[in-house]
Amino acid sequence: MSLYACFVLVVAVGSILITGALVYVHNTFPHRNSFREESRTAYTFNGNEEMSVDFTASRMTGALPTLKPFLYLTQTEECLPSNLASSIGYNETCNCDVIVLSYQTECTERRPSHVTYMFDPRSTWGSGRNMLYFTALGRSPGYHYYIFIDDDATLTFNDFTPPEMKKVQQPFRAVEEWLLDYEPAVGVLDYTVHHGARWTFERKQLLCDNKEFSLVLPTVCFDAIFHAFHYKAIGHILPYETSYDEQSWWASELHIMSVLELKFRGQALLFVPVTVENPKHRDYPRSIEHFDAKWRTFIEQIQQEAPTVYKNQAIFKQFKEGLMLYTLNSSTYCMKVTRHLPIMPYAHFRRDETSQVK
């Protein structure tokens, strides 16, 4: 699904082998700390019936983590399109697994060992992503990044891509390397239709009086074609909001953007060198009627659920009153990008207080 909402309104043999694997994991992913998160919810399939879901994602102390840090999650009519399958990579070239939700016809083709299929003809874009999300949580010990991607998405290098990157990598591998190098709470990509790299850099120049170009930019507004959620952040952001699916599938993205800005401000990062595009445009609900009211409802809900110490922070009022103007003029665009910044909800409030004291 392509989110035009922002644009329209202005707009993851024996003891020797085991020991070697453990050493590899320790050296390659030293920042993968043991953790245990639980997610319990009543999940509604397209509003027709309710199923009780109790998924637990865990990474236990002493357990051998998966050697695959990335899980791609997508939904399509039947089978994974060949262009996306080849771009993500096959089992021998992709350090990842893939889960595909088919929503029109069950896929009966022979599939690679790293690809798993599900089927639900009742799902919407948002409820389908939620079904993928809850299924992913059921896998243990889990992945480092959970990457939601639309089935028609294409990743390409652009005018900002350093020549050396083009020589040694293809776009998917470059994105994966960046995710592990920077560890954003959520990683997104350049998008030429709205709020892409050029637009975001121009906001930084205008608002921050900073003309220094960077290949990684903090962002506020972005498209939902590609979302890469860090394992420490995903449980604080998802599931996708589906309350307004009958009117507009764009509304769920307003919720994601709001949660990220209010909980993980400055940690939604845009990777400038890679552009994502979606040539296929399907029919789906996309009404913008009462969009502002829906958006404010999301912000109010996030504020109500925030810890008491943060409920009265000015950003809630500023965002709720400004909405699109806030996304245009947010000081988030001026924030410093830091590799491996600890991922904790609302930590930006504490960092702001510390910087003011200094």
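Predicted model, so just to flag it, every value in this text is computed and none were measured.
- The closest side-chain heavy-atom distance from V272 to L270 is below 4.5 Å.
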task = Show your working on side-chain hydrogen bond (donor to acceptor under 3.5 Å, both in side chains) between S252 and W125 and close with a plain yes or no.
result = CA-CA 9 Å; S252 64; W125 181 87; over 6 Å; no
message = The test is side-chain hydrogen bond (donor to acceptor under 3.5 Å, both in side chains); show your working for R296 and S258 and say whether it passes.
response = CA-CA 9 Å; R296 290 191 173 95; S258 300; over 6 Å; no
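- For K311, the NZ atom counts as densely surrounded, since its 6.0 Å shell holds more than 12 non-hydrogen atoms of other residues, nucleotides or ligands.
- When every heavy atom of F160 is checked against every heavy atom of A197, the shortest pair comes out as CE1-CB, 4.4 Å.
- Ring geometry for Y146 versus Y143: interplanar angle over 60°, hence perpendicular rather than tilted (30 to 60°).
- With rounding to the nearest 0.5 Å, the separation of OG in S330 from CE in M335 is 8.5 Å.
- Between the side chain of Q170 and the backbone N or O of F172, at least one donor-acceptor pair lies under 3.5 Å.
- Side chain of S248 to main chain of W250: a donor-acceptor pair is present (N/O by atom type, distance under 3.5 Å, no hydrogens or angles).
- With hydrogens and angles ignored, the 3.5 Å screen pairs no side-chain donor or acceptor of S214 with any backbone N or O of L217.
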inquiry  = For a ring pair (Phe, Tyr, Trp, His ring centres under 6.0 Å) check, start with the C-alpha distance between F298 and Y244, then their side-chain angles and the critical distance, and finish with the verdict.
reply    = CA-CA 11 Å; F298 293 150; Y244 302 108; 5.8 Å; yes
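- In this structure, H255 contributes its side chain and T242 its backbone to no donor-acceptor pair below 3.5 Å.
- In plain terms, the two heavy atoms of A136 and L73 that are nearest each other are CB-CD2, 4.1 Å.
- Annotation for T156 and P171: closest pair CA-CG, 3.9 Å, computed over non-hydrogen atoms.
- A 6.0 Å sphere centred on CD of E77 holds more than 12 heavy atoms belonging to other residues, nucleotides or ligands.
- With contacts defined as side-chain heavy-atom distances shorter than 4.5 Å, the pair F271/F226 does not qualify.
- Side chain of K204 to main chain of F213: no donor-acceptor pair is present (N/O by atom type, distance under 3.5 Å, no hydrogens or angles).
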task = Could you check E321 against Y326 for side-chain hydrogen bond (donor to acceptor under 3.5 Å, both in side chains), going step by step and ending with a plain yes or no?
result = CA-CA 8 Å; E321 292 181 352; Y326 177 90; over 6 Å; no
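- What you find for P345 and F264 is that their closest heavy atoms are N-CE2, 3.5 Å.
- With values rounded to the nearest 0.5 angstrom, I225 atom CD1 is found 9.0 Å from L189 atom CG.
- With L101 as the fixed residue, the side-chain contact (heavy atoms from CB on, under 4.5 Å) test singles out one of D120, D151, T135: D120.
- Using cut-offs of 30° and 60° for the angle between ring planes, the Y240 and F229 rings count as perpendicular.
- Taking a cutoff of 4.0 Å between a charged side-chain nitrogen and a carboxylate oxygen, D150 and R129 qualify as a salt bridge.
- Ring geometry for W178 versus Y182: interplanar angle of 30 to 60°, hence tilted.
- For the pair K263 and I237, the minimum side-chain heavy-atom distance is 4.5 Å or more.
- Residues C79 and T108 approach most closely at SG-N, 4.3 Å, considering heavy atoms.
- Taking each heavy atom of A185 and A233 in turn, the nearest pair found is O-CB, 3.7 Å.
- At a threshold of 4.5 Å between non-hydrogen side-chain atoms, the residues P81 and T76 count as touching.
- For the atom pair CG (D181) and CG (L179), the distance works out to 9.5 Å, reported to the nearest 0.5 Å.
- Rounding to the nearest 0.5 Å places CZ of R139 at 5.5 Å from CG of D97.
- Taken together through direct or relayed side-chain contacts under 4.5 Å among Ile, Leu, Val, Met, Phe, Trp and Tyr, V193 and V276 form part of one hydrophobic cluster.
- Contact check on E164 versus K167 returns no salt bridge, with no Lys/Arg side-chain nitrogen under 4.0 Å from an Asp/Glu carboxylate oxygen.
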ask   = Stepwise, does the side-chain contact (heavy atoms from CB on, under 4.5 Å) test hold for L155 with V175?
value = CA-CA 9 Å; L155 272 60; V175 172; 4.1 Å; yes
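- Once rounded to the nearest 0.5 Å, the distance linking CD of Q75 with CE of M118 reads 10.0 Å.
- The environment of CD in E109 is sparse: at most 12 heavy-atom neighbours from other residues, nucleotides or ligands sit within 6.0 Å.
- Grouping the Ile, Leu, Val, Met, Phe, Trp and Tyr side chains by contacts below 4.5 angstrom, directly or via other members, places L341 apart from V220.
- With hydrogens and angles disregarded, a donor-acceptor distance shorter than 3.5 Å links the side chain of K294 to the backbone of E289.
- Atoms CD1 and NE2, on I343 and H236 in that order, are 9.5 Å from each other to the nearest 0.5 Å.
- Here the side chain of S123 pairs no donor or acceptor atom with the backbone of G128 at under 3.5 angstrom.
- Between Y191 and H194, the ring planes lie perpendicular to each other; the angle is over 60°, past the 30° to 60° tilted range.
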query = Checking side-chain contact (heavy atoms from CB on, under 4.5 Å) for the pair M165/F157: CA distance, chi angles, key distance, verdict?
reply = CA-CA 9 Å; M165 184 180 294; F157 290 128; 3.9 Å; yes
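- In this pair, F222 and H227 present their aromatic rings perpendicular. The plane angle is above 60°, beyond the 30 to 60° band.
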ask   = Passes side-chain contact (heavy atoms from CB on, under 4.5 Å), I299 versus L323? Steps please.
value = CA-CA 10 Å; I299 295 172; L323 296 181; 3.9 Å; yes
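- Between N329 and R203, the side chains place a donor N or O and an acceptor N or O closer than 3.5 Å (distance only, hydrogens not considered).
- For Q267 (side chain) and P342 (main-chain N/O), a donor-acceptor pair under 3.5 Å exists by modelled atom type.
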request  = Show your reasoning for whether side-chain contact (heavy atoms from CB on, under 4.5 Å) applies to V188 and D223.
outcome  = CA-CA 8 Å; V188 299; D223 199 89; over 6 Å; no
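- Judged by distance alone, the side chain of Y333 and the main-chain N or O of T327 form a donor-acceptor pair under 3.5 Å.
- Not a single donor-acceptor pair under 3.5 Å links the side chain of R173 to the backbone N or O of V168.
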